[in-house]
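Working notes, beginning with the structure itself.
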Amino acid sequence: MSTTEQTYIMIKPDGVQRGLVGEIIARFEKRGFKLVALKLATPSKEHLEEHYKDLSSKPFFPRLIEYMMSGPVVCMVWEGLDAVKTGRAMLGATNPLASNPGTIRGDYALQVGMNVCHGSDAVETAKAEIELWFGKEGINQYKLASSSWVYEA
Ligand code: UDP
Ligand code: MG
């Protein structure tokens, strides 16, 4: 568990349209994570197919790509202790009906095909996703002023 672990979190088109951008960012900020990359993007079909390439044989794949192309998405990289696993826990289960209240999907969504937010599922996946979405512009490096009040000395 590293305090510099990074995860790729993406607010999906439904999350943007429903005005949840601030809410979702606030949850990661308040938890103590550091925002190291952020942009609003309208990705191409090819880019989304690459992002979800592991799911390309699934029956829901065409609908998933269509959903992800239905509006802009907010792309973020959050850094901190156990960021990948904790990010997934904050998101909740893939199917919102199975997500506990208190999680993002458990508070804001009902169906799997409109589940508001993406989060990397493993450290290696996070590295690939960060490269795919932020490879060109890169990640910011800075010391978060509050870090000494989040992490034990
Ligand atoms: N998805 C879907 N139907 C399914 C499973 C997944 O529409 O039966 C969509 C859903 O938006 C999900 C995304 O495909 O978030 C990626 O699926 P994955 O299994 O990677 O779930 P996640 O990692 O997002 O929880
Ligand atoms: Mg996934």
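Read the numbers this way: they start at 1 and go in the same order the structure lists the ligands and their atoms.
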Thinking salt bridges, do [X] and [Y] make one under a 4.0 Å N-O criterion?
| X | Y | value |
| --- | --- | --- |
| K127 | E131 | no |
| R63 | E66 | no |
| K85 | E5 | no |

### Query
Any donor-acceptor pair under 3.5 Å linking the side chain of D107 with the backbone of P101?
no

### Message
Give me each pair satisfying ring pair (Phe, Tyr, Trp, His ring centres under 6.0 Å) with a member in residues 81-106, each pair once, sequence neighbours excluded.
### Response
none

### Message
Counting only heavy atoms, tell me which of R88, H118, M10, M114 gets closest to atom 23 (O) of ligand 1.
### Response
R88

#### Entry: Proximal candidate to atom 4 (C) of ligand 1 [heavy atom criterion; set F60, F61, Y52]
F60

Which of the numbered atoms in ligand 1 are below 4.0 angstrom from a heavy atom of [X]?
| X | answer |
| --- | --- |
| N115 | 10 (C), 11 (O), 12 (C), 15 (O) |
| T94 | 12 (C), 21 (O), 22 (P), 25 (O) |
| L55 | 16 (C), 17 (O), 20 (O) |
| R105 | 15 (O), 22 (P), 24 (O), 25 (O) |

### Task
Could you tell me whether V112 and ligand 1 have an N or O pair separated by under 3.5 Å?
yes

## Note on the structure
Heavy atoms of T103 and R27 approach each other most closely as C-NH1, 3.5 Å

### Task
Classify the angle between the aromatic ring planes of Y8 and H118 as parallel (below 30°), tilted (30 to 60°) or perpendicular (above 60°).
tilted

Which bit of [X] is near ligand 1, meaning a heavy atom under 4.0 Å away: side chain, backbone, both or neither?
| X | value |
| --- | --- |
| L64 | side chain |
| M68 | neither |
| K12 | side chain |

